[in-house]
Amino acid sequence: MFYGFVPRSRFLLGTAGYPSPEILQQAVFAADVEIITVSLRREGRQGSAFRELLSQLNRRVLPNTAGCHTVKEAVTTAYMARELFGTPWIKLEVLGNANTLQPDPFALVEAARILCADGFQVFPYTTEDLVIAEKLLAVGCNVLMPWGAPIGSGQGLRNIDALRSLRAWFPGVPLIIDAGIGAPSQATQAMELGFDAILLNTAVAKAHNPVAMASAFAIAISAGSQAYSAGLMERRDMAVASTPVFGLAKFG
């Protein structure tokens, strides 16, 4: 699904902001995720202790260029991440607005072009815009990560119609909802639209009980995926009786 890697779990979990390393570890195990995201800046601050924790988690690492605002900054961070973690995977963030943390589409596409040309397998954090999606695919991205809402906002899927169009327009492209998911029900909704996975961090890390919340999200994401695969009933404008009229008993 993701550059030749087919994960068993459709849940990707971030590693920032947990109350303690122990709770992070418990949350990862409770979520039963196979892929975790790691900010290079956070790893750099905590050094060998955090690398030891990653080793204990024994999960596939998706390094993140979190906090980058320019092409040069994002590309440089990606090269450092590849050297440090030994993986061509990179979650590419190039932010254009300090308040909304919305991606800069022009810088994002350019950074993706540079990295894809040099062998990186890029997971671009983008919006639900179809044109940007087409340009990212054209420069070599095989996965897209549209936001549901601004990072850390917990607003869920703020533009459902556009996300539905994105899914329909690119039926064969792995699409991961990244950012804005604040509740398990929102994650289920995204999976019911046919998205391939959910990446989140804040909703688990900042929960009163991160471990229990991680488990709740895992269940919700699995349920949404199963529901989509099973075939959801179409929404109707009028009522349709579940009991047939013919064959009913008549009285009087």
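What you see is a predicted model, and the numbers here were worked out from it, not measured in a lab.
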CG of Asp161 to CD of Glu128, rounded to nearest 0.5 Å, is 10.5 Å

Only distances under 3.5 Å count here; give the side-chain donor-acceptor pairs of residues 225-237 to other protein atoms, sequence neighbours excluded, each with its distance to 0.1 Å.
unit_1, atom_1, unit_2, atom_2, d
Ser225, OG, Arg10, NE, 3.2
Gln226, NE2, Ser222, OG, 3.1
Ser229, OG, Ser225, O, 3.1

Output for pair (Ile36 CD1, Leu199 CG), nearest 0.5 Å, gives 11.0 Å

Across all chains, not counting sequence neighbours, the side-chain contact (heavy atoms from CB on, under 4.5 Å) partners of Pro103 are Leu108, Tyr125, Thr127

**Study point:** Verdict with reasoning, Val33 to Leu12, per side chain to side chain contact (heavy atoms under 4.5 Å, CB included)
**Key:** CA-CA 6 Å; Val33 294; Leu12 289 71; over 6 Å; no

On a heavy-atom basis, the closest approach of Ile177 and Gly148 is CG2-N, 4.1 Å

Sequence neighbours excluded, the answer for ring pair (Phe, Tyr, Trp, His ring centres under 6.0 Å) partners of Phe120 is Tyr79

The reported gap from CG in Leu13 to CD1 in Ile198 (rounded to nearest 0.5 angstrom) is 12.5 Å

Donor-acceptor pair, side chain of Thr37 and main chain of Leu62, under 3.5 angstrom: no

Scanning both residues in full, the closest heavy-atom pair of Thr65 with Glu93 reads OG1-N, 2.7 Å

Here the pair of heavy atoms bringing Ala107 nearest to Val71 is O-CG2, 3.5 Å

Closest non-hydrogen atoms of Leu200 and Ala203, given as atom of the first, atom of the second and distance, are CD1-CB, 4.4 Å

In short, Thr100 meets Pro150 closest at the heavy-atom pair O-CB, 3.5 Å

Parallel, tilted or perpendicular for Phe11 and Phe217, by the 30°/60° rule? tilted

Ring pair (Phe, Tyr, Trp, His ring centres under 6.0 Å) filter on Trp147, not counting sequence neighbours, yields none

Please list every donor-acceptor pair under 3.5 Å in which a side-chain atom of residues 207-215 meets a protein atom from a residue at least two apart or in another chain.
unit_1, atom_1, unit_2, atom_2, d
Asn209, OD1, Val211, N, 3.3
Asn209, OD1, Ala212, N, 3.1

For Pro7 and Phe2 the tightest heavy-atom approach is CG-CE1, 3.6 Å

Applied to residues 188-201, the side chain to side chain donor-acceptor pair (under 3.5 Å) test, sequence neighbours excluded, yields Arg167-Asp196

request  = Please report the C-alpha distance between Val61 and Trp89 in whole Å, then the side-chain angles of each, then the deciding distance to 0.1 Å, and finally whether the side chain to side chain contact (heavy atoms under 4.5 Å, CB included) criterion is met.
outcome  = CA-CA 8 Å; Val61 172; Trp89 280 16; over 6 Å; no

- Query: Is Ile160 reachable from Ile221 through a run of I, L, V, M, F, W or Y residues, each pair having side-chain heavy atoms under 4.5 Å apart?
  - Reply: yes

*Is atom OH of Tyr3 surrounded by more than 12 heavy atoms (other residues, nucleotides or ligands) closer than 6.0 Å?*
yes

